[in-house]
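Everything numeric here is computed off the predicted structure, so don't read it as measured data. Atoms considered below: every heavy atom in the structure, side chains included; atoms not considered: hydrogens, waters and symmetry mates.
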Protein chains: 2
Amino acid sequence: MQSRSSAAHATGRPRSAAADAAILEATRAALVELGWSKLTLGDVATRAGVAKTTLYRRWAGKNELVVDAVAELFDELELPDSGSLAADIEGVVLQFAAILDRPEAKSGLMAVVAEATRDGALRARIRASIVDRQKRLVLEGRAHAQARGELPAEDDPGTASRAVDLIFDVVAGAVLHRTLVSAEPVTEDWACGLAQILLQGLPESAPPPPG
Amino acid sequence: MQSRSSAAHATGRPRSAAADAAILEATRAALVELGWSKLTLGDVATRAGVAKTTLYRRWAGKNELVVDAVAELFDELELPDSGSLAADIEGVVLQFAAILDRPEAKSGLMAVVAEATRDGALRARIRASIVDRQKRLVLEGRAHAQARGELPAEDDPGTASRAVDLIFDVVAGAVLHRTLVSAEPVTEDWACGLAQILLQGLPESAPPPPG
DNA sequence: ACAGTTACGCTACGGGTCGTATCGAAAGCG
DNA sequence: CGCTTTCGATACGACCCGTAGCGTAACTGT
């Protein structure tokens with residue numbers, strides 16, 4: 001999870017892996033109860049049953065700790081190879097929205113993103129731990145759709161890469177904005193409407209059946 | 001800007017309007033230099049040339065203050081009635097991105113959104129001061145496009161309202177995600193690609209000319 | 001078994017910010 | 001000139017920060 005990859009130091013007392021897990025779990029619990037602003041590292045340490053010094057030995061501060069605590073939440077995302085691009089998009093959108101609905105994800109993620117605007121190292125950490133990690137969903141969905149013939153194959157790798165980035169920004173950004181800024185729920189209807197825009201564009205989007 | 005609308009108290013010493021402006025300006029300056037987390041109300045008061053108590057008399061805390069300070073930034077947005085829906089979208093996207101590029105908007109906006117996940121009153125304040133205020137752009141652009149025949153007219157007001165909300169989430173969310181999460185610049189090419197998706201959908205989006 | 005090395009828990013500390021209270025002076029109104 | 005409200009200044013206890021010091025625990029190589 002951090003710099004210690006496999007066996008950097010073969011000597012001395014090893015770091016407790018259980019402590020890592022307990023700290024991250026305690027961080028999420030504190031995010032739920034207190035939110036970002038009232039979360040203190042001393043409190044997290046108490047909840048996790050570790051000393052405050054132990055916590056500071058592993059993470060540089062609140063920002064880095066919360067990034068790692070939140071990143072774990074997004075690893076459960078997976079593409080539901082459902083047979084059509086529209087259904088794939090809808091499925092991922094609903095999964096993503098379900099995670100963002102959890103208070104520890106909401107308050108934690110946005111707060112570290114806000115801090116990352118003034119901290120390049122934190123920005124890199126977020127990208128590596130969360131963003132780029134989940135871009136695989138777009139890649140897989142795109143590949144499936146191309147195999148089905150729903151999307152044209154792309155040969156130029158540069159263009160393809162920019163397209164994937166754009167799609168990721170649109171999909172993730174829409175869900176994020178809906179959940180956090182507009183503060184309204186992501187329903188199946190909404191996800192369906194989003195998929196419709198992505199597949200057909202605005203003009204052809206005839207209104208969905210009332211419901 | 002706050003509860004005092006026109007003439008609530010005709011008696012006593014009136015509140016200095018200049019102090020309000022100075023405080024909001026000082027808040028933005030502090031956001032640029034220090035960012036959200038290191039911004040302190042005492043510092044803002046000093047910069048504005050007012051006492052800390054004056055500041056607390058008008059705003060409940062950091063959150064409310066920054067919302068008001070940031071909201072003013074977004075009022076300069078306007079729809080560039082450029083003759084086509086694609087160009088209108090591109091224009092608004094580029095304007096929005098230009099504002100989000102300013103550090104006081106970046107760090108301030110995301111931070112208050114993060115805090116708003118645990119504070120309903122703050123959420124309402126953000127909606128009223130920022131979000132709903134700018135939704136006018138979607139309404140205007142949609143009306144223009146319908147007058148041009150680029151978009152079908154919508155009769156059911158409920159469906160139309162949901163469509164406007166969805167479009168707003170997609171456009172604003174995409175720019176927000178691109179700027180703050182992906183942390184990459186919104187270029188003209190990118191805005192063009194976004195408009196293309198919105199108008200034509202993913203499948204027909206042939207790659208734009210290289211450059 | 002023993003020395004060497006690293007992690008751990010605990011406690012304590014100076015420094016900073018918070019939000020509030022208090023007070024006298026200033027600014028408007030009748 | 002009285003009344004009301006705001007303003008500036010200062011002081012205050014409470015809290016959290018991040019670090020330092022120390023003795024103990026865990027693991028490794030010879």
Student: Roughly, in whole Å, what's the span from CZ in Arg15(B) to P in dT4(D)?
Tutor: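 Roughly 18 Å, once rounded to whole Å.
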
Student: Mind checking what makes side-chain hydrogen bond (donor to acceptor under 3.5 Å, both in side chains) contact with Glu140(A), not counting sequence neighbours?
Tutor: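 If we apply the side-chain hydrogen bond (donor to acceptor under 3.5 Å, both in side chains) test to Glu140(A), skipping adjacent residues, there are no hits.
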
Student: Is a salt bridge present between Asp43(A) and Arg47(A), judged by a nitrogen-to-oxygen distance below 4.0 Å?
Tutor: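 Yes, charged N to carboxylate O under 4.0 Å.
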
Student: Could you check whether atom CD of Glu188(B) has more than 12 heavy atoms from other residues, nucleotides or ligands sitting under 6.0 Å from it?
Tutor: no

Student: Between Ser37(B) and Glu115(A), do the side chains contain a donor N or O and an acceptor N or O under 3.5 Å apart?
Tutor: yes

Student: Please pick, from dT4(D), dG8(D), dA26(D), the nucleotide with the shortest atom-to-atom distance to any side-chain atom of Thr11(B).
Tutor: dT4(D)

Student: Calculate the interatomic distance between Ile23(A) atom CD1 and dA7(C) atom P; express it in whole Å.
Tutor: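 So the CD1-P distance, Ile23(A) to dA7(C), works out to 13 Å.
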
Student: Can you check each nucleotide of nucleotides 14-24 of chain D against protein heavy atoms at under 4.0 Å and return B for base, S for sugar-phosphate only, - for none, in 5' to 3' order?
Tutor: --SSBBB----

Student: Are the side chain of Gln134(A) and the backbone N or O of Phe74(A) linked by a donor-acceptor pair below 3.5 Å?
Tutor: yes

